Amino acid sequence: MTSPPSRQHGAGTAAAAPATRGAGSETAPATGRDARLDNAKFVLVALVVVGHAVEPFVGEYTPAGALYYWIYFFHMPAFILISGYLSRNFDASSNRVEKLVLSLAVPYLIFWTAHQTIYAVERGGLPESLSVLKPTWTLWFLVALFLWRLSVPVWQRLRWPVGIAVVISVFAATADLGTTLSLGRVLSFLPFFVLGLSLRREHFAFLDRWWVRIVSVAVLAVTAVLAVPISDHLSRDWLFWRESLTDRDIDPLLPSMGLRLAFMGLALLMSVSVLALTPRRRTWVTKLGAYSLYVYLGHSVVLLLLKDSAWYDVMTGPVGMTATVALALVVTLALCTPWLRVGLRWAVEPQLTWFLNEDSPLRGNRRPVGALARRTRRRGTKETGAGTR
């Protein structure tokens, strides 16, 4: 998901899925942005919405299950790969950490509250635990991205960062990490973020070769066919990357680790294929891709309300699934419109600079220049007077 824009993609402070601007009014996407990445972000966030929308059909309608599995094979790994690439310049400076808090932590708290409110109304009361450390539904990604970005300087100092991340991911799956901070997903998806950190612009040029695109078409076609039998025989838990392998019905070491590595390789192969087939020129969706965080956060509220309605009771079978996919695409486009972005800006791009220390540059920018100058002069006068005594 990517939050709204302002910097070039190489700036590293924008998320792949959310390209964040930090504290500032919304502006049009910067002309120096990578069109391929913005195009890919829109395609991927649309798949996120479609996947969540068709989930109630899984198990009842075979094509829905196949589509759901096919999307979940790669959509979040691809998003995370792009997020890592866009985080290459994150240096953990105070300014960037503050922007990280405003662009990820604060929206997390806002939408966590919104989700819990909907759940409370649905249940008719509050849950037994209201721990803000347990992300609700889609919000695990904001927690993960926050933690991954803070770790960027560490990965950039290691000699074999991707290999180390893979080892951590595989062995973390053998431990029961619970749901706190979604640590299972944070560590399981870690290799894709670290791989993104290791990529350079010339690596994307490799995707433009004609034979790569032909292979990419074949990969996506074959995986779409394979999704049909896989959806009938394999648990969805393998797609979520969150549960411990010790909870499965098979040995947690050899078969389970092999399957985890196989899904990791499949996700990488499909992510590369999607990027290879994504246009590198500006299209009508390029600008929309810059607002993927609006879609990612906004659609969760829309679908939670939709699932509490009679929609899925009325919409069944092929007609219901087709209508639901169409509705998901409409929601995706609607959340990119200027008027909805204006309405959601307070939650997606909150300017809560009071959340930061008083000496933060983001707060200082709001202080009147005259008042700041007078305060500086008074401080200088006191120091001068003290020195002459």
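Nothing here was measured: the structure is a model prediction, and the numbers come from that model.
Shortest non-hydrogen contact noted between Ala92 and Pro153 is CB-CG, 3.9 Å. Across all non-hydrogen atoms, the minimal contact from Arg88 to Leu199 is CD-O, 3.5 Å. Minimum heavy-atom separation, Val106 to Leu102: CB-O, 3.9 Å. For the residue pair Pro107 and Val348, the shortest heavy atom distance occurs at CG-O, 3.5 Å. Between Trp112 and Leu130, the shortest heavy-atom distance links the atoms CH2-O, 3.7 Å. Between Arg260 and Ser188 the shortest heavy-atom distance is NH1-OG, 3.2 Å.
One finds no salt bridge joining Arg341 and Glu349 here, because no Lys/Arg side-chain nitrogen approaches an Asp/Glu carboxylate oxygen to under 4.0 Å.
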Problem set entry | Evaluation steps, side-chain contact (heavy atoms from CB on, under 4.5 Å), between Phe79 and Leu145 | CA-CA 11 Å; Phe79 244 136; Leu145 189 58; over 6 Å; no
Exercise. Side chain to side chain donor-acceptor pair (under 3.5 Å) between Ser87 and Arg149: does it pass, once the steps are laid out?
Worked result: CA-CA 7 Å; Ser87 301; Arg149 283 208 181 151; 3.1 Å; yes
For this session: Kindly determine whether Trp311 and Ser309 satisfy side chain to side chain donor-acceptor pair (under 3.5 Å), including the steps that lead there.
Result: CA-CA 6 Å; Trp311 175 270; Ser309 70; over 6 Å; no
Problem set entry | From CA spacing to verdict: side chain to side chain donor-acceptor pair (under 3.5 Å), Ser292, Lys41 | CA-CA 7 Å; Ser292 57; Lys41 286 188 293 183; 5.2 Å; no
For this session: Report the C-alpha separation of Val132 and Leu109 in whole Å, then their side-chain angles, then the decisive distance to 0.1 Å, and conclude whether the side-chain contact (heavy atoms from CB on, under 4.5 Å) test is met.
Result: CA-CA 8 Å; Val132 74; Leu109 295 175; 3.4 Å; yes
Exercise. Between Cys336 and Val295, is a side-chain contact (heavy atoms from CB on, under 4.5 Å) present by the stated rule, with each step listed?
Worked result: CA-CA 7 Å; Cys336 291; Val295 179; 3.5 Å; yes
Exercise. Going through the distances and angles, do Asp38 and Thr286 end up as a side chain to side chain donor-acceptor pair (under 3.5 Å)?
Worked result: CA-CA 5 Å; Asp38 277 332; Thr286 304; over 6 Å; no
Problem set entry | Pair Leu139-Leu297, side-chain contact (heavy atoms from CB on, under 4.5 Å): steps then yes or no | CA-CA 8 Å; Leu139 298 185; Leu297 294 176; 3.8 Å; yes
For this session: Show your reasoning for whether salt bridge (Lys or Arg N to Asp or Glu O under 4.0 Å) applies to Asp208 and Arg36.
Result: CA-CA 11 Å; Asp208 297 326; Arg36 187 206 297 271; 2.6 Å; yes
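By the 4.5 Å heavy-atom criterion applied to side chains, Pro318 and Pro63 are not counted as neighbours. Residues Gln116 and Leu126 have side chains not in contact (no heavy-atom distance under 4.5 Å, counting atoms from C-beta outward). A 4.5 Å side-chain heavy-atom check between Phe141 and Arg185 finds every atom pair outside the cut-off. Inter-residue side-chain proximity for Ile214 and Trp210 is flagged as met; some heavy-atom pair is nearer than 4.5 Å. Side-chain contact between Thr138 and His299: present, with at least one pair of heavy atoms (C-beta onward) separated by less than 4.5 Å. In this structure the side chain of Phe111 never reaches within 4.5 angstrom of the side chain of Leu142, judged on heavy atoms. Within the 4.5 Å cutoff, the side chain of Leu268 has no heavy atoms near those of the Phe74 side chain. Inter-residue side-chain proximity for Val43 and Val285 is flagged as unmet; no heavy-atom pair is nearer than 4.5 Å.
Under the 4.5 Å side-chain contact rule for hydrophobic residues, Leu67 and Val319 do not share a cluster. Cluster annotation: Tyr291 and Trp346 are assigned to the same hydrophobic cluster (Ile/Leu/Val/Met/Phe/Trp/Tyr, side-chain heavy-atom contacts under 4.5 Å, transitive). Residues Ile82 and Leu277 share a hydrophobic cluster, clusters being chains of Ile/Leu/Val/Met/Phe/Trp/Tyr side chains in contact below 4.5 Å. Linking Ile, Leu, Val, Met, Phe, Trp and Tyr residues whenever their side-chain heavy atoms come within less than 4.5 Å places Leu44 and Val331 in a single cluster. When hydrophobic clusters are built by joining Ile, Leu, Val, Met, Phe, Trp and Tyr residues whose side-chain heavy atoms come closer than 4.5 Å, directly or via intermediates, Val330 is not grouped with Leu288.
The backbone N or O of Ile71 lies less than 3.5 Å from a partner atom in the side chain of His75, making a donor-acceptor pair. Judged by distance alone, with hydrogens and angles left aside, the side-chain atoms of Trp155 form no donor-acceptor pair with the main-chain N or O of Val162 at under 3.5 Å. Judged by distance alone, with hydrogens and angles left aside, the side-chain atoms of Thr316 form no donor-acceptor pair with the main-chain N or O of Tyr312 at under 3.5 Å. A donor-acceptor pair is defined here as one N or O able to donate and one able to accept, closer than 3.5 Å; no such pair exists between the side chain of Gln156 and the backbone of Leu197. In this structure, Thr324 contributes its side chain and Gly320 its backbone to a donor-acceptor pair below 3.5 Å.
Annotation: the span from Leu261 atom CG to Leu266 atom CG amounts to 12.5 Å, rounded to 0.5 Å. The CE atom of Met321 sits 10.5 Å away from atom OG1 of Thr62, with the distance rounded to the nearest 0.5 Å. For the atom pair Leu195 CG and His203 NE2, the distance stands at 9.0 Å (nearest 0.5 Å). Once rounded to the nearest 0.5 Å, the distance linking CG of Leu104 with CG of Leu150 reads 9.5 Å. Here CG of Leu190 is found 9.5 Å from CD1 of Ile80. Values are rounded to the nearest 0.5 Å. Of the inter-residue distances, the one linking Asp34 atom CG with Arg282 atom CZ reads 10.5 Å to the nearest 0.5 angstrom.
Using a 3.5 Å distance cut-off with no hydrogens or angles, the side chains of Asp91 and Ser93 do pair a donor with an acceptor.
Atom CZ of Arg123 has more than 12 heavy atoms from other residues, nucleotides or ligands within 6.0 Å. Other residues, nucleotides and ligands contribute over 12 non-hydrogen atoms within 6.0 Å of the CZ atom of Arg200.
When each of Val219, Thr278, Val212 is checked for a side chain to side chain contact (heavy atoms under 4.5 Å, CB included) with Ser273, only Val219 meets the rule.
By the 30° and 60° cut-offs, the orientation of the rings of Tyr72 relative to Phe240 is perpendicular. In this pair, Tyr119 and His115 present their aromatic rings tilted. The plane angle is within the 30 to 60° band.
Geometrically, Arg236 engages Tyr68 in a cation-pi contact, judged by NZ or CZ lying under 6.0 Å from the ring centre and within 45° of the ring axis.
Applying the ring-ring contact (aromatic ring centres under 6.0 Å, His included) test to pairs two or more places apart or on separate chains, those with a residue in residues 173-195 are Trp140-Phe189, Trp148-Phe193, Phe189-Trp241, Phe192-Trp241.
Considering only residues two or more places apart in sequence or on other chains, Phe204 meets the ring pair (Phe, Tyr, Trp, His ring centres under 6.0 Å) condition with Tyr85.
For Phe206 and Trp211, the ring centers sit closer than 6.0 Å to each other.
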